Amino acid sequence: MATAAKIPVIDLSGDDQTQVAKDLVEAAIEHGFVYIKNTGKDIPVEAIDGAFALSKKLFDAPLSEKQACTIQKNNRGWSAMNYETLDPANQRVGDFKEAFNFGEFVDGKAQQPVPPTMAPDEEAQIGAFRDLCYALSLKLNTLLGAGLGVSPPDFFTAAHRRDRGPSGTILRFLRYPARTTELAANETDVRAGAHSDYGSLTLLFRLRGQPGLEILLRDGKTWSPVPVVPPGTESDPAPPILMNIGDLLSYWTNGLLRSTVHRVVFPPAAAADSEAAGLQRETDHGTRYSMAYFCHPFGGAELGAVPSERVKEYKGGLAEGNPYAERKVMTADEHLRMRLEASYAQLYKKEQ
Ligand SMILES: O=C(O)CCC(=O)C(=O)O
Ligand SMILES: [Fe+2]
């Protein structure tokens with residue numbers, strides 16, 4: 001079995017914030033992924049548990065309620081099983097997952113259809129969770145700007161201010177089915193195909209005992225599992241929040257910060273046997289839930305390289321290990337549109 005990725009765990013509450021920023025930047029350069037130690041200070045554990053409970057309730061809503069919220073070109077709403085295909089070049093069918101994307105909220109109300117199964121206070125709770133994610137993403141953008149010596153130091157944070165205009169930011173609930181003999185029968189069947197994320201950075205929340213995420217290593221061919229509970233975090237109140245760099249921070253830094261390709265796989269078929277034999281390992285056979293917060297700057301944000309000595313010195317280039325990383329467009333909105341068109345063939349087919 002492939003070895004787990006050696007992604008560092010960072011405690012954002014460390015006294016020496018200069019060091020925290022430095023550690024964060026080094027992890028973002030080396031892996032593109034970093035575990036944020038979860039002590040409940042940035043996002044209370046109850047808020048995460050509560051959001052997972054609402055996600056389950058949402059996906060359990062009657063099919064007709066979910067269908068009435070079907071995802072639109074604004075990237076908000078419900079995406080049915082196999083509807084999205086993150087890696088169309090290599091998948092036979094779409095991703096084995098359901099997803100629900102939430103855009104902005106105003107006064108606790110989503111600005112999009114929500115299944116009536118969700119009570120108004122529950123809808124507001126989702127909005128509040130999205131706000132907590134936003135606050136943490138601003139903090140991370142600030143640390144990344146400081147760690148890279150970007151000028152002005154709040155360059156990234158300023159691009160994410162809500163008063164700059166609408167953004168592609170999405171809070172996404174995800175539900176992946178268990179492996180069965182029909183699902184995952186073909187070796188290309190995957191819960192989420194290989195991709196890099198479209199925004200500036202992503203916060204990912206997972207549940208203990210529900211692995212499946214893998215990252216592509218620099219060699220461009222080895223997949224390495226990302227454990228939910230890495231060593232040293234076993235007794236924390238919740239698994240670490242996983243932060244990863246998306247395409248936009250990679251563009252802004254000319255590829256210095258790594259937008260790492262990743263995917264979500266079904267548990268190996270052999271896992272059932274090894275469990276029967278009493279072997280302990282991080283595996284699961286049930287339905288898998290996760291929540292991703294895709295942080296995007298305002299839509300008109302330009303994606304040229306930021307003023308930073310560190311970025312200027314970097315000669316690595318954009319494309320290493322990531323086929324999407326070639327800069328083709330100028331603004332955040334154009335980039336998002338390009339990526340959505342590639343993964344939602346049905347939604348966009350009339351125009352192709
Ligand atoms: O569910 C996960 O672990 C990751 C999902 C993901 O990569 C995504 O939605 O972009
Ligand atoms: Fe992703």
Side-chain angles (χ1 to χ4, degrees), residues 4-5 7 28 31-36 48 51-52 55-56 59 71 75-88 91 94-102 130 133 137 168-179 190-216 223-230 238-250 258-267 282-284 286-296 321-325 335-336 339-340 342-344:
I7 297 170
H31 306 278
F33 272 76
V34 52
Y35 288 109
I36 312 287
I48 300 171
F52 269 117
S55 160
K56 182 164 191 310
F59 287 121
I71 194 158
N75 199 28
R76 275 93 171 129
W78 179 67
S79 168
M81 183 71 71
N82 302 126
Y83 190 65
E84 184 184 15
T85 310
L86 280 168
D87 185 16
Q91 287 174 249
D95 298 356
F96 286 86
K97 72 181 185 207
E98 262 180 90
F100 203 105
N101 286 3
F102 287 97
R130 195 176 176 280
C133 292
S137 70
T169 299
I170 289 290
L171 172 65
R172 168 170 252 202
F173 290 163
L174 287 146
R175 177 164 84 172
Y176 304 87
R179 176 193 266 278
V190 69
R191 280 170 156 172
H195 67 283
S196 59
D197 289 348
Y198 317 161
S200 40
L201 61 81
T202 304
L203 303 175
L204 182 71
F205 301 85
R206 296 181 294 164
L207 292 170
R208 286 193 175 94
Q210 301 195 349
L213 178 68
E214 298 185 336
I215 60 171
L216 188 62
W223 288 100
S224 182
V226 183
V228 178
V229 181
I241 301 165
L242 197 61
M243 187 277 270
N244 66 282
I245 299 297
D247 294 343
L248 305 191
L249 267 166
S250 192
R258 224 179 130 66
S259 181
T260 295
V261 173
H262 54 283
R263 67 179 185 182
V264 183
V265 294
F266 283 103
E282 209 177 58
T283 186
D284 85 296
T287 304
R288 177 183 188 272
Y289 290 85
S290 69
M291 304 187 290
Y293 176 80
F294 301 107
C295 170
H296 287 245
N322 182 348
Y324 313 105
H335 176 73
L336 180 58
R339 298 299 303 272
L340 292 175
S343 55
Y344 289 101

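A quick note: this is a predicted structure, and the numbers were derived from the prediction, not measured. In each ligand, atom 1 is the first atom listed, and ligand 1 is the first ligand listed.
Those atoms of ligand 1 with a heavy atom of F294 less than 4.0 angstrom away are 8 (C), 9 (O), 10 (O). Against a heavy-atom cut-off of under 4.0 Å, H262 is close to the following atoms of ligand 1: 7 (O). Set against the non-hydrogen atoms of S290, the atoms of ligand 1 under 4.0 Å away are 1 (O), 2 (C). Counting atoms of ligand 1 from 1 in the listed order, those under 4.0 Å from a heavy atom of V264 are 1 (O), 2 (C), 3 (O), 4 (C). Distances below 4.0 Å separate heavy atoms of D197 from the following atoms of ligand 1: 10 (O).
Between Y198 and H335, the ring planes lie perpendicular to each other; the angle is over 60°, past the 30° to 60° tilted range.
Ring pair F173/F102: centre-to-centre distance below 6.0 Å.
Contact check for N101 versus F294: no side-chain heavy atoms found under the 4.5 Å cut-off. Counting heavy atoms from C-beta outward, E98 and R175 have side chains that approach closer than 4.5 Å. E84 has its side chain out of reach of I71: every pair of non-hydrogen atoms, C-beta onward, lies at least 4.5 Å apart. Side chains of N244 and D197 form a contact here, defined as non-hydrogen atoms less than 4.5 Å apart.
Only side-chain heavy atoms of L204 come within less than 4.0 Å of ligand 1; its backbone N, CA, C and O stay farther off. Within the 4.0 Å heavy-atom criterion, neither part of L86 lies near ligand 1. By the criterion of a heavy-atom distance under 4.0 Å, neither the backbone nor the side chain of R191 is placed next to ligand 1.
Here L174 contributes atom CG and R206 contributes atom CZ; the two are 12.5 Å apart, rounded to the nearest 0.5 Å.
Protein heavy atom nearest atom 5 (C) of ligand 1, with residue, atom name and distance: Y176 OH, 3.4 Å. In this structure, atom 3 (O) of ligand 1 lies nearest to the protein heavy atom R288 NH2, 2.8 Å.
Counting only distance, with no hydrogens or angles, the side chain of T169 and the backbone of H296 share a donor-acceptor pair below 3.5 Å.
Looking only at its N/O/S atoms, D197 has OD1 as the one nearest to the Fe ion (ligand 2).
Summarising the contacts of atom 6 (C) of ligand 1 with R263, E84, H195, the nearest heavy atom is found in H195.
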